[in-house]
Amino acid sequence: MGKLVCIDGNSILFRAFFALPPLTNQQGIHTNAVYGFTMMLLRILEEEQPSHIVVAMDKGKMTFRHETYADYKGKRDKTPSELSEQIPYLQQVLDAFQVCYVEVDQYEADDIIGTFVKEAEKQQMKSVVISGDKDLLQLVSPYTQVLLTKRGVTEVERYDEEKLAERYGLRPEQIIDLKGLMGDSSDHIPGIPGVGEKTALKLLKQYPSVEEVIAHVDELPGKKLQERVTEHQDLARLSKELATIYRQVPLSRSIDELKCLEPNYEKLRQIFQQLGFKTLLEKLAPNSIEEDQHIEMQNIPYQIVTQLDHSLEDQLQQQKTWALHAELTAENPHHATLLGIAISDGEHQYYFPVDAINYNQVLKQWIADDHSPKILFDSKQIEIALMRVDIQLNGIQEDILLAAYLLNPSEGTQNLSDVVSHYRPDLSLPQDEAVYGKGAKRKQLEGDQLAAHLARKTAAQYALVETLQTELAEKDLSELYQLELKLARVLAEMEFVGVKVDRGALELLGTEIKERVDQLYSEVMEIAGTTFNLNSPKQLGEILFDKLGLPVIKRTKTGYSTSADVLEKLAPQHEIVEKILLYRQVVKLYSTYIEGLRKELGDDDRIHTQFHQTIAATGRLSSSEPNLQNIPIRLEEGRRIRKIFVPSSSDQRILAADYSQVELRVLAQLSKDPTLLRAFQENRDIHTQTAMDIFSVTEDQVTSLMRRQAKAVNFGIIYGISDYGLSQNLNISRKEAQQIIDRYFETYPQVKEYMDNIIEQARKDGYVTTHLGRRRYLPDIHARNYNLRSFAERTAMNTPIQGTAADVIKAAMLAVHQQMQKEKLSSRMLLQVHDELIFEVPEQELSRMKELLCEKMEKPFETFGMEDFSIRLHVDISDGANWYEAK
DNA sequence: TTTGTCACG
DNA sequence: ACGTACGTGACAAAC
C-alpha cells in the first residue's frame with residue numbers, strides 16, 4: 001500500500017525564495033530557497049513518513065499549454081538569478097537525500113504530479129501533494145490530500161474533500177471551473193474579466209460547472225454579469241482548459257522507482273557544508289539522529305583475551321576479514337610503545353594486552369598471515385609499531401585512513417571518529433581526545449576502559465569498509481587506492497630502516513655553526529648599540545624601523561615585516577641588514593637542522609622520519625619528526641648539512657635519483673603544447689629554451705637575466721600564474737610581468753588553452769583530477785570573493801600538475817621496490833623528496849641499481865599495466881659517500 | 001595556540 | 001578595486 005508524496009518543486013522553491021531573507025553561504029551564493037526547501041522536505045519526511053517520494057519540476061519555457069494559449073504565463077516575471085543559481089544545489093540536495101527528481105519536456109510540475117497521483121490511485125495507494133498553488137486542489141480525492149503552503153514554507157494547510165467543501169464549498173473537480181471563471185493572475189489565465197473569487201464561488205454553488213453557468217447565463221443575477229459571461233464565454237472555457245491538469249504525461253519512471261531510500265549522509269554532509277547549513281549539519285550530527293536508527297557505540301561487547309581458547313583459534317584460522325587496531329602510547333610509531341591489539345569481525349571484539357601477544361603464536365601467525373584479510377586505520381603507523389616489536393603484519397586489505405583521504409584529500413588527516421561521522425552518521429564513535437583527554441591531561445587508560453574503547457574503534461572500522469569501498473568505486477578511485485595501500489608498505493619499510501647519521505660530523509658541524517651564530521649575534525648587537533632578541537621579528541622591527549629609521553617596505557597584520565625579501569631591499573642602506581640576513585640563515589641551520597636533527601637521533605644513530613600519505617591535498621607525501629624533505633641544498637652553507645647523512649656501512653654509497661623537470665614535463669603531457677613538447681623531445685635546457693622562445697632570441701643571445709626570468713615564468717605557470725605573483729618574484733612591475741606572461745602564452749598557446757579548460761572543468765565538476773584520477777574538490781571556484789575564487793583557480797591549474805607528478809613518483813616507488821625485491825637486492829630505499837628518491841646501495845649493486853632506477857622511474861606506470869606518458873621522463877642519477885656528495 | 005619566518009620541492 | 005604565486009614542516013616569540 002504505502003504513501004506517495006509529490007512535491008511541486010518550482011512552487012516550493014519560489015515560496016522559499018520569497019519567504020526567507022536572502023541568505024548566502026561563505027562564497028556569496030544565495031541559499032535561501034534551497035534552505036527553505038530542505039527544511040520543508042525534512043518536515044514532510046518526518047510527518048508524512050512516505051514510502052515513496054518524488055519532486056516534480058517544470059522543464060524549459062514552453063509547454064503544451066502555449067499551443068493553446070500563446071500568452072500563457074506571459075505576465076510572469078523572469079526568474080531572478082538569485083533563485084535560478086540555486087537550482088543546481090537543490091538537485092544536489094535531492095540527490096543526497098536519494099529523492100527522485102522528475103521533469104518532462106513540455107509538461108509542468110502539476111501535470112507530472114497529476115499523473116503520478118493517478119497511477120497511485122490505480123494501485124489504491126495514498127498520496128500527499130505539496131505545493132503553494134491552489135490549482136493542485138483539483139487532485140484531492142479519497143486517496144489524495146493536498147498540502148498548501150501557508151506562511152513561510154514549513155507551515156501548511158491540509159486539504160481533503162471535506163476541508164475543500166468547508167473552505168470553498170466545492171468538489172475537487174470544480175477547482176478548474178473556479179479558475180475558468182475567476183482566472184489566475186499568476187499564471188496569466190484570463191478567466192472572465194470582472195469575476196473574482198467571491199462571484200465565481202457564488203455561481204458555482206448554483207451551477208456546478210463553467211458549462212452550466214454559460215448554459216444558464218440568462219438566469220444569472222445582474223445584467224452586467226450576464227453580459228460579461230456571454231461576451232467572454234470562450235475565454236472561460238479556455239481558462240478552464242488551461243487550468244486542467246493533464247494526467248497522462250509520458251513518464252520515464254514508475255511509482256515503484258520512487259521508493260524512499262536512506263539518504264546518503266556523506267553527500268548530505270558535503271552539500272550542507274558547502275551551502276553553510278550549520279543547523280542542518282548539526283541535525284545530521286550523531287547526537288540528533290533519530291533514536292531508533294542511531295547506534296551509540298557505547299556498549300560494544302568485548303572480551304579481554306589473555307589466553308587463546310580453541311574457538312577463537314578456529315575463528316582466526318578461517319581467513320575471514322577482521323578489523324585490527326594496535327593501540328600505542330604516542331602518535332609517533334618510532335617512539336611509542338605498544339599497549340595491545342584489538343580485533344573485530346563486526347560482531348565480536350577481542351582485546352589482547354601486549355603481554356598476552358608475545359607468547360601467543362597463533363595470534364602472531366594470524367597477524368603475519370597474508371591470506372587473513374585485515375581492515376586497519378593508518379596501517380603504516382601500526383605496521384611500524386609492530387615491526388619494532390618484531391611482529392610481522394601482513395594481509396592489510398583496507399586502510400580506512402587512506403580511503404577517506406582519497407575521497408577528499410582536502411580534509412587533511414582525519415581521526416577515525418571524524419571518518420565515522422562523515423560516512424556513517426548513523427553510528428558515533430567518541431573522539432580519542434574525549435576518552436584520553438588532550439595535551440598534558442592525556443592519560444593512559446587501562447583494563448576494561450581501554451578494551452571497551454578499542455572494541456568501539458575496531459567495530460567502527462569494520463562498519464565503514466562497505467561505504468568507503470562503494471564511494472571509492474563511484475569516484476573511480478579504487479585503482480589509486482590499491483596503489484596507495486601498497487605504497488604504505490614501502491613507506492613503512494623506509495621509515496623503519498631510517499637514515500644513518502654520522503654523529504661526529506653532526507657535532508663538528510654544530511660547533512662550527514654555533515660559533516658563527518654567536519659571532520654574528522654580537523656583531524649585530526654592537527652595530528645596533530643595544531641588546532635585544534634578534535630572533536624576535538617584533539623587536540627587530542623596532543630596531544630597524546623606529547631606532548634606525550629605515551623605510552618600511554611591507555607590513556604584516558601585527559607590525560613591520562622583516563622577511564628576507566624586505567631585508568634584501570634594505571641591505572644597501574645599512575650595514576646591519578646584511579649581518580641580520582646572515583644571522584637568520586645561520587641560526588636557522590643551527591636550530592632547525594643541527595639541534596633539530598640531534599633531538600631526533602636515536603640510539604641506533606639513525607633518523608626515522610615519518611612520511612605522511614594523507615596530508616597534502618595534491619597527493620604529495622609530507623615528512624615530519626624530523627622533516628627530511630627540506631634539508632638545505634640551495635645555499636652551500638646549508639647544503640653541508642647533507643654531509644651528516646651517510647650509508648649504514650662503509651661499503652655502501654648514497655644514491656640519488658631525481659626526475660628532471662617533472663612538473664614541466666607533466667604540463668607538456670597534459671597540455672600537449674607542440675612547442676613545449678618539442679623542447680623536451682630535443683632534451684633542451686627548458687629555461688633557456690623558454691627564454692629563447694619568449695624573448696625571440698638565439699641560444700647565445702640568452703642572458704642570465706633572461707634565463708632567470710624565463711625560469712620564474714615556468715614556475716609561475718605551474719603555480720597558476722598571476723602578474724602580481726611574477727612581479728613580486730622577479731622584482732619587476734606588474735605591467736612588465738603581464739607582458740612576459742602574454743609572451744609566454746603566445747609562445748605556448750596550448751598551455752593557455754589547457755589552463756582555461758581546467759578552470760572550466762573545475763567550475764563544471766567542482767573538482768579537478770590528476771593522471772591517476774586523484775581528485776581535489778574546489779568549492780571556492782564559484783566564490784564571489786575575488787581572492788577565494790582566484791585561489792581556487794590557481795589551485796585548479798596547479799593541482800593536476802603537482803598531483804600528477806606525485807602519481808608518477810609514487811608509481812615509480814612501487815615499481816622500483818617491487819623490482820628490488822624480485823632481484824633480492826640489499827639496497828634500501830631511504831627517502832622520497834617529491835621528485836627524487838634516495839637509496840643506500842652496496843658498491844657491488846651500484847651499477848644494477850642505476851640501470852633499474854632508469855628503467856622503472858622513466859616508465860613508472862608500465863609495471864602496473866597502465867599506459868606511460870607519451871613524453872619522455874628523464875632521471876638524473878648520482879652517488880656519493882654521503883647525501884652531500886650524491887649530487 | 002597563533003604568527004612570522006624560512007627550509008625544501 | 002580587489003591583493004595573490006603551488007605544496008609542505010619546524011622553530012621562536014608572543015599572545
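Numbers restart at 1 for each chain; the letters A, B, ... are given by sequence-line order, proteins then strands. This structure is a prediction, so every number in the text was calculated from the model and none was measured.
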Legend entry - Sugar-phosphate, base or nothing in reach of A:I615, heavy atoms under 4.0 Å: sugar-phosphate
Legend entry - Under 3.5 Å side-chain donor-acceptor pair for A:E495 and A:H334: yes
Inset, instruction - Describe the nucleic acid contact of A:R584 in one word from base, sugar-phosphate, nothing, applying a heavy-atom distance below 4.0 Å. - result: sugar-phosphate
Inset, instruction - Decide, yes or no, whether a salt bridge links A:K643 with A:E512 under the criterion of side-chain N to carboxylate O below 4.0 Å. - result: no
Legend entry - Between A:Q761 and A:N757, a side-chain donor and acceptor under 3.5 Å: no
Inset, instruction - Determine the contact category for A:Q539: base if any of its heavy atoms lies under 4.0 Å from a base atom, sugar-phosphate if only primed atoms, P, OP1 or OP2 are that close, otherwise nothing. - result: sugar-phosphate
Inset, instruction - Would you indicate which nucleotide in C:dT4, C:dA13, C:dA10 comes nearest to any side-chain atom of A:R794? - result: C:dT4
Legend entry - Nearest-Å distance once atom C1' is located in both B:dA7 and C:dC2: 32 Å
Inset, instruction - Between C:dG3 and B:dC6, how far apart are the P atoms? Round to whole Å, please. - result: 24 Å
Legend entry - Earlier contact from the 5' end, DNA chain C, for A:N787 and A:H834: A:N787
Inset, instruction - Could you please name the option among C:dA14, C:dA10, C:dG9 that lies closest to any side-chain atom of A:H612? - result: C:dG9
Legend entry - A:L589 CG to B:dT5 P, straight-line distance once rounded to whole Å: 18 Å
Legend entry - Sugar-phosphate only, base, or nothing, as touched by A:G716 at under 4.0 Å among non-hydrogen atoms: base
Inset, instruction - Counting heavy atoms from C-beta on, name the nucleotide in C:dC2, B:dT5, C:dT4 closest to the side chain of A:T556. - result: B:dT5
Legend entry - Listed nucleotide nearest any side-chain atom of A:N535, set C:dA12, C:dA5, B:dC8: C:dA12
Legend entry - Any A:T558 side-chain N or O less than 4.0 Å from OP1/OP2 of B:dG4: yes
Legend entry - Distance test, side-chain N/O of A:R734 to OP1/OP2 of C:dT4, below 4.0 Å: no
Legend entry - Sugar-phosphate only, base, or nothing, as touched by A:A617 at under 4.0 Å among non-hydrogen atoms: sugar-phosphate
Legend entry - C:dG7 base / A:R776 side chain donor-acceptor hit below 3.5 Å: no
Inset, instruction - Look at A:S561 and B:dT5 and indicate whether a side-chain polar atom (N or O) is within less than 4.0 Å of OP1 or OP2. - result: yes
Inset, instruction - Output the single nucleotide from C:dT4, C:dA12, C:dG7 whose closest atom is nearest the side chain of A:N798. - result: C:dG7
Legend entry - Geometric class of the A:H771/A:F861 ring pair [parallel <30°, tilted 30-60°, perpendicular >60°]: tilted
Inset, instruction - Return no unless some side-chain N or O of A:K599 is found under 4.0 Å from OP1 or OP2 of C:dA10. - result: no
Inset, instruction - Using a 4.0 Å heavy-atom cut-off across all strands, classify A:A792 as base, sugar-phosphate, or nothing. - result: nothing
Inset, instruction - Keeping the roles fixed (side chain from A:R503, backbone from A:D605), state whether a donor-acceptor pair exists under 3.5 Å. - result: no
Legend entry - Whole angstrom value for the distance that separates C1' of C:dA12 from OH of A:Y583: 10 Å
Legend entry - d(OH, A:Y719; C1', C:dC6) in whole Å: 6 Å
Legend entry - Check: A:Q739/A:D723 side-chain N/O donor and acceptor closer than 3.5 Å: no
Legend entry - Under 4.0 angstrom between A:S722 side-chain N/O and C:dA5 OP1 or OP2: no
Inset, instruction - Check the distance between C:dG9's P and A:E331's CD and give it to me in whole angstrom. - result: 14 Å
Inset, instruction - Whole angstrom is fine here: how far is it from CG in A:D723 over to P in C:dT4? - result: 14 Å
Legend entry - Any N/O donor-acceptor pair, A:Q802 side-chain to C:dC6 base, under 3.5 Å: yes
Inset, instruction - Take atom CZ of A:R774 and atom C1' of C:dG7, then tell me their distance rounded to the nearest Å. - result: 13 Å
Inset, instruction - Please work out if A:T799 contacts a base, only the sugar-phosphate, or nothing of the nucleic acid, heavy-atom cut-off 4.0 Å. - result: nothing
Legend entry - A:E523/A:R516 ion pair, N-O < 4.0 Å: no
Inset, instruction - State whether a side-chain donor-acceptor pair under 3.5 Å links A:Y583 with A:N535. - result: yes
Inset, instruction - Would you indicate, yes or no, if C:dG9 has its OP1 or OP2 atom less than 4.0 angstrom from a side-chain nitrogen or oxygen of A:S623? - result: no
Legend entry - Sugar-phosphate, base or nothing in reach of A:A805, heavy atoms under 4.0 Å: nothing
Inset, instruction - Choose from C:dT8, C:dA10, B:dA7 the nucleotide whose nearest atom is closest to any side-chain atom of A:P632. - result: B:dA7
Inset, instruction - Indicate, with a heavy-atom threshold strictly under 4.0 Å, whether A:L726 touches base, sugar-phosphate, or nothing. - result: base
Legend entry - Ionic contact status for A:E507 with A:R598, cut-off 4.0 Å: yes
Inset, instruction - From the options C:dC2, C:dG7, C:dG9, select the nucleotide whose nearest atom is closest to the side chain of A:N627. - result: C:dG9
Inset, instruction - Taking only the side-chain heavy atoms of A:T618 (C-beta and beyond), determine which of C:dG7, B:dC8, C:dA10 contains the nearest atom. - result: C:dG7
Legend entry - Watson-Crick or G-U wobble mate for B:dT1, both contacts under 3.5 Å: C:dA14
Inset, instruction - Return the value, rounded to whole Å, for the distance between atom CG of A:L597 and atom C1' of C:dG9. - result: 13 Å
Inset, instruction - To the nearest Å, give me how far apart NZ (A:K588) and C1' (B:dA7) are. - result: 5 Å
Legend entry - Whether A:Y724 stacks on the six-membered ring of C:dT4 base, 5.5 Å and 30° limits: yes
Inset, instruction - Taking only the side-chain heavy atoms of A:R620 (C-beta and beyond), determine which of C:dG7, C:dG9, C:dA13 contains the nearest atom. - result: C:dG7
Inset, instruction - Can you figure out which of C:dA5, B:dT3, B:dG9 approaches the side chain of A:N729 most closely? - result: C:dA5
Inset, instruction - For A:E625, report the nucleic acid contact type (base, sugar-phosphate, nothing); a contact means any heavy atom under 4.0 Å. - result: sugar-phosphate
Inset, instruction - Quick one: label A:F715 by what it contacts on the DNA or RNA (base, sugar-phosphate, nothing), any heavy atom closer than 4.0 Å. - result: nothing
Legend entry - Nearest-angstrom distance, P atom, C:dT4 to B:dT3: 14 Å
